[in-house]
Number of protein chains: 2
Amino acid sequence: MLKPNASSLSRLLPITGWLKSYSLQILGDDLFAGIITAILLVPQGIAYAMLAGLPAQTGLYASILPPVLYALLGTSRTLSVGPVSIAAIMIASALTAPEISALGDPLESAVILSAEGGLIMMLMAALRMGGLVTFISHPVLTGFTSGATILIIVSQIAPLTGIKNLGCGMDSRCYGDAVQSLNFETLLIGFSALGLLLSFGKPLTALLKKTDMPQSLVTAISKCGPLLTVLVTTLAVSYFQLARQNGVAVVGPIPSGFPELMLSFGSSEKWQLLLPYAAFIALIAYVESVAIAKVTANLRGEKIIPNQELIALGAANMAAAISGGMPVAGGFSRTMVNFAAGARTQMAMLVAAGLLAMVVIFFSHWFENIPKATLAAIILVAIIPLVRLRNILQTWRYDRGDGIAEAVTLLGVLVLGIEEGLSLGIMLTIISYLRKTSKPHIAVVGRIPDTEHFRNIKRHQVETWNHLLLIRIDESITFANINFIEDFIVTELRQQPAIRHVVLIFTSVSDIDSTALETLEHLNHNLQAAGIIMHVSEAKGPVLDKLEKTDFIEQLKPGKVFFRTEDAVQELA
Amino acid sequence: MLKPNASSLSRLLPITGWLKSYSLQILGDDLFAGIITAILLVPQGIAYAMLAGLPAQTGLYASILPPVLYALLGTSRTLSVGPVSIAAIMIASALTAPEISALGDPLESAVILSAEGGLIMMLMAALRMGGLVTFISHPVLTGFTSGATILIIVSQIAPLTGIKNLGCGMDSRCYGDAVQSLNFETLLIGFSALGLLLSFGKPLTALLKKTDMPQSLVTAISKCGPLLTVLVTTLAVSYFQLARQNGVAVVGPIPSGFPELMLSFGSSEKWQLLLPYAAFIALIAYVESVAIAKVTANLRGEKIIPNQELIALGAANMAAAISGGMPVAGGFSRTMVNFAAGARTQMAMLVAAGLLAMVVIFFSHWFENIPKATLAAIILVAIIPLVRLRNILQTWRYDRGDGIAEAVTLLGVLVLGIEEGLSLGIMLTIISYLRKTSKPHIAVVGRIPDTEHFRNIKRHQVETWNHLLLIRIDESITFANINFIEDFIVTELRQQPAIRHVVLIFTSVSDIDSTALETLEHLNHNLQAAGIIMHVSEAKGPVLDKLEKTDFIEQLKPGKVFFRTEDAVQELA
């Protein structure tokens with residue numbers, strides 16, 4: 001058996017990388033951050049499960065085993081893995097789809113989504129497809145996040161106000177009923193919770209900073225807003241018996257103790273129907289997690305390895321599945337809290353997961369009376385910064401195509417649906433990318449006097465020659481752009497009938513594929529028939545190696561391959 | 001109203017371009033070529049209709065109006081538009097699909113395919129999407145053509161031999177029945193036809209060339225093979241009454257006279273079900289036609305305008321639809337015959353179409369006794385050169401990825417089906433293209449002593465400097481490759497801790513999209529924090545224009561934008 005050396009072990013289990021040099025001082029920091037993060041995890045776990053249309057415990061269970069798996073396998077030291085808002089609304093979209101809801105048991109469906117998502121990530125890791133995911137561009141991701149967040153905000157109006165039915169369409173009587181169903185006590189709780197949460201943000205931090213309190217304590221206090229809000233509103237509901245007497249919606253009973261490990265998972269039909277939804281959730285979970293992980297890693301000069309992230313997140317989602325949890329990802333607000341609270345390593349998340357486990361085993365009955373309106377308020381405060389409509393304008397100003405992609409993705413999510421909007425955005429990006437790359441940059445160049453420097457004749461004062469045409473092709477030559485390149489050369493030659501030598505400058509050509517090679521051979525053949533000789537200059541080693549396997553260089557003769565463009569000019573001018 | 005000038009008229013109606021300078025001498029050439037092509041069009045039209053599983057007249061009708069429309073609108077002077085083998089097998093695949101055949105009336109379905117294909121091409125022309133079709137690479141097209149041709153060959157075994165049923169699968173008794181159904185007379189006719197056709201190829205031409213016969217007559221005689229074969233075998237069938245007495249399958253009665261113009265076209269459900277098939281047929285019809293048109297245009301120094309081809313082929317297919325014809329495209333063997341027979345302009349095809357019209361009006365009853373075995377032989381001889389299995393090896397040797405794409409497309413067509421194989425090939429090409437472009441070529445460069453020329457330090461003997469790193473990025477920087485580029489720079493800097501200045505050489509960078517810009521800004525921010533200054537050199541005008549709209553250049557400071565890399569070296573080294 002091969003003895004694993006330290007570096008290959010730390011590649012497979014990144015935790016061994018930082019555990020070696022772990023110290024008591026670091027443990028102190030991680031303990032503190034872990035407690036703060038756990039305080040946020042409890043209400044977020046319950047809230048996001050509700051948002052997904054699932055029982056509260058699926059969010060809590062998803063906050064225990066998955067972060068432990070990520071702590072072992074993940075390359076980010078501060079990413080907080082668990083239930084997240086965007087994945088939650090995607091789960092809700094899947095569970096309410098007619099063909100899925102017809103199959104019943106949303107809990108089972110959610111667990112299948114976790115399992116499938118985990119498997120998909122593992123498969124992508126095995127195929128080393130981490131890189132392909134970069135094909136979700138920033139504009140598409142921003143548009144998608146804004147759109148999904150707006151959907152979440154709309155979905156929280158009902159629990160925040162107690163209004164029963166908001167899907168009225170054109171039925172005016174329905175709207176009357178909706179307004180009548182407005183529950184005053186719920187509204188009061190909801191808006192008190194909102195007020196409390198908002199005052200725990202900047203106002204309280206600013207106030208506390210004026211005192212002599214140490215910075216870490218300021219952070220700790222300001223991050224307790226959600227817990228305190230939950231405490232106050234839950235006590236109010238319990239004390240005034242608002243749930244029973246005034247119809248204020250609450251979380252309701254949560255089974256106590258650990259979840260049973262699940263090993264059987266529904267019918268194969270259900271797996272099949274859920275697969276596309278799981279794929280979308282996995283994709284977004286991965287892309288968002290890596291994006292968040294990179295933000296904190298950059299701040300500390302650490303390195304995220306995308307393919308290892310696929311493995312870690314895949315394992316975390318499979319852990320969610322067997323422990324009865326909803327799909328998980330790295331959460332933005334929670335990771336930022338973890339980081340700001342001073343987390344140094346994933347030990348912080350191990351601490352948080354341990355605390356969550358204790359809460360689930362011993363204290364889950366405490367959560368019965370948490371009003372849903374409070375959870376809605378927590379969700380709203382956490383996600384509103386994710387709506388970035390003004391960003392579309394900025395993007396548009398810099399790059400039209402990107403701005404359009406962002407706006408289309410956002411509108412697509414709002415009008416067509418979450419998965420449809422995302423697909424639309426990705427397809428649009430790929431098509432416009434293909435269209436762009438099919439028109440590569442090509443320049444006719446000349447020499448800047450007294451140098452060996454060749455630049456575009458349209459932009460610079462350069463020397464040119466009557467019988468010699470220098471064409472610089474600024475991209476690899478492939479099936480995607482060879483037609484454009486051929487047209488360019490032919491048109492240029494038609495406009496300058498005196499030309500006898502064409503030099504193709506290959507400085508930027510890293511590859512020539514077989515479609516392009518065939519076309520170049522045809523072109524050379526036709527040019528020779530017309531008495532024009534084609535040359536190549538500054539071809540890179542790998543390109544020359546490849547061409548030497550064919551008889552292209554032979555066919556060029558009397559055309560030559562020049563090392564530098566300057567050599568070509570001295571011989572041909 | 002705007003008065004159209006000559007050049008815009010000839011752009012809309014390319015026929016006006018060559019008609020102005022038309023002469024009697026050219027007419028002589030075109031007349032001759034038109035007659036030869038018509039002689040080939042008749043048996044091919046009937047044969048390809050049979051191959052598609054349609055009545056013979058749909059192939060004949062498709063050879064009249066469509067080539068006339070193409071003659072008016074097309075930019076190729078020699079392309080012969082009409083029924084083609086690859087489109088025919090695609091039509092057969094559509095018509096035998098369970099959901100399509102359930103709707104009945106294959107004739108109506110074929111006409112809808114023509115109409116939809118025509119509309120799709122027109123739409124693509126309006127969106128100027130001619131260029132996007134280049135995303136069917138040569139390897140995919142070759143693999144697809146080989147695969148579809150093999151399917152055609154297999155489909156012709158039954159009519160060539162008279163064997164009834166070949167889809168036996170695992171049932172051994174069925175094979176016995178199939179062998180018993182072998183019809184001796186059919187077999188005899190089929191193989192005689194094959195022999196006759198093959199002897200009209202190289203052997204006869206070689207023989208005739210030894211005589212003093214003029215070249216054009218040699219061509220004419222050698223191209224009469226199909227007609228003569230049809231004549232001989234049809235006479236044999238009529239004389240010996242083989243159809244009635246020996247069960248030799250024949251074409252059967254063909255309605256005489258002109259087709260009625262069709263103006264109503266089936267149910268909207270049928271249109272919907274046929275749409276994807278029509279899209280595939282239109283795609284392949286367009287790509288193959290343009291490829292063939294380019295071959296002959298290159299030989300004569302003429303120019304094909306892809307977008308105008310979409311309009312011309314779209315109009316031709318819509319003409320096929322209203323005159324009750326099957327979908328059409330430019331045919332390879334027919335175009336080559338037309339060209340070799342000396343066609344100078346599309347007048348040759350107008351002549352051929354006129355002859356076809358006369359045949360359909362007056363002589364269609366002559367075709368009743370054409371044995372299907374003869375048509376099978378004609379199809380086989382015409383298409384066997386299209387199977388190019390050895391090409392896969394050649395492609396593989398030059399470019400692994402292209403070789404795989406070609407093999408996968410071919411196998412996909414054979415195993416999964418025509419449309420599926422083609423989709424698979426296209427998807428594979430696009431994914432591997434995206435994967436390739438996500439890893440752009442980047443080189444650390446140094447100066448070649450005593451020049452201003454900078455080359456890869458790995459391949460050339462160059463000067464480098466301790467504190468200065470020169471990185472040349474050989475592609476536009478986009479969301480697709482920015483992650484790779486960022487990783488490259490960060491890794492390089494980690495390996496060379498002495499570096500204080502990084503110069504990014506943008507010679508080949510034609511665009512920086514918004515995702516890339518954001519990432520570069522982050523990178524610059526992090527590098528500055530680490531005491532490393534980022535510079536840019538040789539940025540092109542359009543890139544600078546775009547960057548100046550942002551504060552990127554401001555953020556770079558004290559980093560600079562250098563005009564030449566040499567300037568950067570002189571200031572920083």
Side-chain angles (χ1 to χ4, degrees), chain A residues 131-132 134-139 298 301 303 306 394-395 397-399 401-403 429-431 433-441 451-453 456 459 474-476 478-484 490 507-511 513-515 517-518 522 525-526 529-530 540-541 546 549-550 564 566, chain B residues 131-132 134-139 298 301 303 306 394-395 397-399 401-403 429-431 433-441 443 451-453 456 459 474-476 478-484 490 507-511 513-515 517-518 522 526 530 540-542 546 549-550 564 566:
Chain A
L132 263 193
T134 56
F135 283 92
I136 301 181
S137 65
H138 285 195
N298 280 341
K303 196 167 159 58
Q394 285 167 15
T395 311
R397 226 170 277 146
Y398 177 70
D399 188 312
D402 281 350
T429 325
I430 291 183
I431 289 178
Y433 176 69
L434 293 179
R435 193 191 275 264
K436 243 188 203 169
T437 59
S438 73
K439 291 179 186 157
H441 193 269
T451 70
E452 299 176 358
H453 196 66
N456 197 336
R459 292 198 165 246
D474 285 349
E475 243 163 76
S476 286
T478 65
F479 68 98
N481 60 24
I482 183 63
N483 285 348
F484 184 87
V490 169
T507 332
S508 315
V509 175
S510 318
D511 189 32
D513 76 359
S514 60
T515 309
L517 180 69
E518 260 180 64
H522 279 147
H525 185 82
N526 293 336
K540 294 178 194 164
K546 218 170 151 185
K549 282 193 241 164
T550 71
R564 301 182 310 157
E566 180 63 25
Chain B
L132 263 194
T134 55
F135 283 93
I136 301 181
S137 65
H138 285 195
N298 281 341
K303 196 167 159 56
Q394 284 168 15
T395 311
R397 226 170 277 144
Y398 177 71
D399 187 312
D402 281 350
T429 325
I430 291 183
I431 289 179
Y433 176 70
L434 293 179
R435 192 192 275 264
K436 242 186 203 171
T437 58
S438 72
K439 292 179 185 157
H441 193 269
T451 70
E452 299 176 358
H453 196 66
N456 197 336
R459 293 200 164 243
D474 286 348
E475 244 163 75
S476 287
T478 65
F479 67 99
N481 60 24
I482 183 63
N483 284 347
F484 185 88
V490 169
T507 331
S508 316
V509 176
S510 318
D511 190 32
D513 76 0
S514 60
T515 308
L517 180 69
E518 259 180 65
H522 278 147
N526 293 337
K540 293 178 194 164
K546 218 170 152 186
K549 281 193 240 164
T550 71
R564 302 182 308 156
E566 180 63 27

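Every value quoted in this text rests on a predicted model; they were computed, and no experiment measured them. In what follows, chains are A, B, ... by sequence order, proteins preceding strands, each numbered from 1.
Ring geometry for A/Tyr433 against B/Tyr433 counts as tilted: the plane angle lies between 30° and 60°, on a 0 to 90° scale.
Per-residue heavy-atom pair counts under 4.5 Å with chain B were compared for A/Glu452, A/His522, A/Arg397, A/Lys540, and the maximum is reached by A/Lys540. When each of A/Asp474, A/Val490, A/Leu517, A/Thr515 is scored by its heavy-atom pairs under 4.5 Å with chain B, the top score falls to A/Thr515. Counting heavy-atom pairs under 4.5 Å between each of B/Lys546, B/Arg564, B/Gln394 and chain A puts B/Lys546 at the top.
Heavy atoms closer than 4.5 Å to chain B are found in both the backbone and the side chain of A/Asp513. When heavy atoms are compared at a cutoff of 4.5 Å, A/Asn456 does not approach chain B at all. For B/Phe484, no part lies near chain A; criterion is any non-hydrogen pair under 4.5 Å. Within the 4.5 angstrom heavy-atom criterion, no atom of A/Lys439 approaches chain B. Only the side chain of B/Thr478 comes within less than 4.5 Å of a heavy atom of chain A; its backbone N, CA, C and O stay farther away. Heavy atoms of A/Ser514 lying under 4.5 Å from chain B belong to its backbone as well as its side chain. For B/Ile482, no part lies near chain A; criterion is any non-hydrogen pair under 4.5 Å.
Counting heavy atoms from C-beta outward, A/Arg459 and B/Pro542 have side chains that approach closer than 4.5 Å.
A cation-pi arrangement is absent between B/Lys549 and A/Tyr398 under the rule of less than 6.0 angstrom and at most 45 degrees off the ring axis.
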In sequence, state the C-alpha distance, the side-chain angles, and the governing distance for B/Glu475 and A/Glu475, and then conclude on side-chain contact (heavy atoms from CB on, under 4.5 Å). CA-CA 6 Å; B/Glu475 244 163 75; A/Glu475 243 163 76; 4.1 Å; yes
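Scanning for side chain to side chain donor-acceptor pair (under 3.5 Å) contacts around B/His138 gives A/Glu518, with sequence neighbours left out.
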